[in-house]
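Structure first, then comments.
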Amino acid sequence: MHNPRLFLAGVGFFSKSGLLPWDSARPPDLPQSLLGRAYKGSFTNKIAKQHPSRQKYQKKQWHGRPRDDSWQERLADVVTPLWRLSYEEQLKMKFEAQKKILQSLESYLHMLRGVSGTVAAPQSEGLHCLLHPIIPSPTTTGYRNKSTFAVNRGPDGNPKTVGYYLGSWRDGNVVCVPCNHLKNIPEKHSQVAQYYEVFLRQSSVEPCLLFHEGGHWRELIVRTNRQGHTMAIVTFHPQGLSQEELCVQKVTLKDFFTKGPGTVCGLTSLYFQESTMTRCRHQQAPYQLLFGEPHIFEDLLGLKIRISPDAFFQINTAGAEMLYRTIGELSRVNPESTLLDICCGTGVIGLSLAQRASQVHGIELVEQAVEDARWTAAFNGVTNCEFHAGRAETILPQLLKSPKDEKLTVAVANPARAGLHYRVVQAIRNCRAIRTLVFVSCKPQGESMRNFIELCCPPNSAKKLLGDPFVLREAVPVDLFPHTPHCELVLLFTRDLHGRGGGNIVRARGSKWLQRNKLSQPEENPES
């Protein structure tokens with residue numbers, strides 16, 4: 001791969017409310033220690049013991065001029081804090097962390113309801129639900145298909161540096177460190193980021209480090225697929241520039257990546273977004289295609305998936321296939337059931353299960369993602385899927401309000417880290433047709449924990465949770481984020497046909513697919 005830093009030297013340029021809406025504050029019966037305590041110190045303590053040098057870097061003040069390798073290690077410790085451990089050690093730590101989260105949840109549910117009703121019969125690992133071994137990522141290096149790079153002052157003081165932030169805005173010690181050494185970033189993403197830095201240092205227009213201080217060039221987003229296609233999105237703060245002046249900057253950017261040094265990146269599409277906000281969707285500030293294909297495509301589970309620049313798609317494509325297969329196995333969708341795909345993104349879960357279901361309804365906030373899902377359904381000949389654009393808390397109650405439709409319904413929810421809106425949980429709890437719920441969370445110890453409690457707590461008319469409670473039956477950790485503390489936790493909730501919400505039936509050994517794809521059971525880790 002060409003080294004843009006050598007190019008720079010050659011041309012002289014290198015010198016993130018309460019539990020429920022009716023509470024004005026956190027209710028006294030939900031201790032703060034329940035939310036997030038499972039992770040407290042579990043990763044950092046172990047790594048500090050094994051690698052004391054990391055503590056040295058964490059405690060060191062942010063003034064002075066450390067060597068480049070010191071900045072790189074600091075960044076790696078922040079972005080990929082498990083990078084010093086073998087992948088097997090990482091998986092064991094993640095498994096233990098997920099187990100502790102589930103133990104906290106079951107302990108609290110036991111306190112709410114007692115032994116029966118909200119938990120299944122005792123299984124293993126000190127849990128009542130069946131906890132499967134963690135499913136590893138098929139790839140552990142360069143696995144990200146989307147990366148977002150910031151622009152700010154680098155360790156050398158140059159304001160036109162592209163990379164990831166270190167430090168804190170409160171303390172005024174933020175620096176932007178190049179991140180081509182991180183284990184989860186593909187070479188192609190690093191290459192595009194480095195050449196964007198080349199472009200910035202050639203540009204006569206200043207970067208926008210702080211909105212109120214002026215400047216224009218902002219962050220870069222890079223998306224790739226397994227075929228090697230690359231989409232780049234550059235965010236630009238107009239700061240009152242005229243349309244003619246904006247046009248000049250767009251042409252300059254386009255020429256750099258189509259005729260200039262940036263051609264080595266081989267972009268298949270380049271987008272430009274004028275934005276006066278930290279983050280905004282296509283509806284707020286449209287993505288302007290400067291050249292190339294308007295979409296990126298991915299082959300997944302026998303489907304050709306269309307992905308718009310604004311659409312959510314799991315950042316680890318190979319890991320996403322494992323995740324979606326796991327969801328399909330746990331859901332047990334059949335031709336007699338309707339599937340609700342809540343927070344569906346580009347609709348991959350619903351589309352991949354459409355052949356098994358009678359009907360699929362997908363709900364997604366981002367309109368571009370809904371358009372992608374509809375295109376994918378049409379292209380792949382899937383005719384029993386309907387996708388709805390808008391807020392899930394508005395659309396789902398409308399879909400479920402008809403008392404005449406008693407068709408057995410399976411719900412899948414894959415929300416962002418903020419979890420589901422309380423009205424979505426209410427709608428699921430109060431719809432008797434929904435007897436199976438598969439919940440996917442990348443941060444179960446956070447806001448999603450509230451959702452789990454709302455789903456499984458006893459009925460409460462004051463809180464409009466009238467339906468029978470769900471029971472947590474099975475849990476499957478799926479690692480989509482090697483070298484970080486995070487993974488996706490897939491939870492299976494069910495309630496029986498008689499409306500008692502309890503029952504002590506659980507599949508003793510889990511599905512055959514899960515058995516085939518699991519690791520050996522991680523041993524107890526006394527240090528975690």
Side-chain angles (χ1 to χ4, degrees), residues 225-226 295-308 311-314 317-390 392 395-396 398-400 402 405-415 420 424 427-428 431 433-440 474 476 478 480 488 490-494 511-514 517:
N225 64 8
R226 289 190 283 197
H295 307 96
I296 200 165
F297 297 88
E298 191 61 86
D299 296 324
L300 196 73
L301 300 177
L303 299 168
K304 182 175 183 179
I305 309 297
R306 192 182 86 172
I307 307 168
S308 293
F312 169 79
F313 189 77
Q314 289 285 358
T317 305
E321 288 186 311
M322 306 296 290
L323 175 67
Y324 296 149
R325 289 194 181 106
T326 301
I327 294 170
E329 288 296 323
L330 290 178
S331 69
R332 293 196 167 183
V333 175
N334 62 64
E336 303 301 319
S337 59
T338 296
L339 176 65
L340 291 175
D341 190 356
I342 305 167
C343 306
C344 68
T346 52
V348 182
I349 296 175
L351 289 165
S352 65
L353 296 176
Q355 289 185 336
R356 306 187 199 178
S358 170
Q359 180 73 27
V360 175
H361 290 278
I363 304 171
E364 170 58 38
L365 175 63
V366 179
E367 291 184 13
Q368 276 194 320
V370 172
E371 293 173 5
D372 290 339
R374 291 169 179 166
W375 183 94
T376 300
F379 182 86
N380 293 278
V382 181
T383 60
N384 63 336
C385 290
E386 184 176 351
F387 295 96
H388 311 265
I395 296 173
L396 185 62
Q398 294 175 352
L399 285 176
L400 300 178
S402 174
D405 188 7
E406 288 296 325
K407 182 182 286 290
L408 187 64
T409 302
V410 175
V412 175
N414 185 15
L420 294 174
V424 176
I428 295 172
C431 178
I434 301 178
R435 300 191 181 104
T436 299
L437 169 66
V438 179
F439 197 115
V440 186
E474 299 187 41
V476 188
V478 184
L480 267 65
E488 297 280 2
V490 187
L491 300 176
L492 172 64
F493 297 92
T494 68
S511 70
K512 293 181 180 179
W513 187 88
L514 290 172
N517 287 276

At their closest point, which heavy atom of [X] faces which heavy atom of [Y], and how far apart are they?
| X | Y | result |
| --- | --- | --- |
| Phe387 | Ala377 | CE1-CB, 4.4 Å |
| Leu492 | Leu330 | CD1-O, 3.6 Å |
| Ile342 | Ala411 | CD1-CB, 4.4 Å |
| Leu351 | Cys385 | CD2-SG, 3.8 Å |

Look up atom [atom1] in [X] and atom [atom2] in [Y], then write down how far apart they are to the nearest 0.5 Å.
| X | Y | atom1 | atom2 | answer |
| --- | --- | --- | --- | --- |
| Ile428 | Thr409 | CD1 | OG1 | 11.0 Å |
| Glu298 | Phe313 | CD | CZ | 5.5 Å |
| Leu353 | Asn334 | CG | CG | 11.5 Å |
| Leu420 | Asn414 | CG | CG | 9.5 Å |
| Arg325 | Ile349 | CZ | CD1 | 13.5 Å |
| Cys344 | Ile363 | SG | CD1 | 8.0 Å |

Would you please test Arg332 and Val410 for side chain to side chain contact (heavy atoms under 4.5 Å, CB included) and show each step?
CA-CA 8 Å; Arg332 293 196 167 183; Val410 175; over 6 Å; no

Measuring only between side-chain heavy atoms, which start at C-beta, is [X] closer than 4.5 Å to [Y]?
| X | Y | value |
| --- | --- | --- |
| Gln398 | His388 | no |
| Val490 | Leu323 | yes |
| Gln314 | Tyr324 | yes |
| Glu336 | Leu408 | no |
| Leu340 | Leu400 | yes |

Result of checking Thr436, Leu437, Ile434 against Thr494 for side chain to side chain contact (heavy atoms under 4.5 Å, CB included):
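Single side chain to side chain contact (heavy atoms under 4.5 Å, CB included) partner of Thr494 among Thr436, Leu437, Ile434: Thr436.
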
Main-chain N/O of [Y] paired with [X] side-chain donor or acceptor, under 3.5 Å:
| X | Y | value |
| --- | --- | --- |
| Arg356 | Gly328 | yes |
| Asn384 | Ala357 | yes |
| Glu364 | Gly345 | yes |
| Ser337 | Val333 | no |

In terms of ring plane angle, is the pair Phe493 and Phe439 parallel, tilted or perpendicular, where the classes change at 30° and 60°?
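Ring orientation, 0 to 90° scale: perpendicular.
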
Is the closest side-chain donor-acceptor distance between Asp372 and Thr346 under 3.5 Å?
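Looking only at side-chain atoms, Thr346 and Asp372 do not form any donor-acceptor pair under 3.5 Å.
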
Between Arg226 and Glu321 (salt bridge meaning N to carboxylate O under 4.0 Å), is one present in this structure?
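Judged by the 4.0 Å cut-off on N to carboxylate O distance, Arg226 and Glu321 do form a salt bridge.
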
Mind checking side-chain contact (heavy atoms from CB on, under 4.5 Å) for Asn380 and listing every partner two or more places apart, or none if nothing turns up?
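Leu303, Lys304, Thr376, Val382.
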
Report the C-alpha distance between Thr317 and Leu300 in whole Å, list the side-chain angles of each, state the deciding distance to 0.1 Å, and finish with yes or no for side chain to side chain contact (heavy atoms under 4.5 Å, CB included).
CA-CA 8 Å; Thr317 305; Leu300 196 73; 3.9 Å; yes

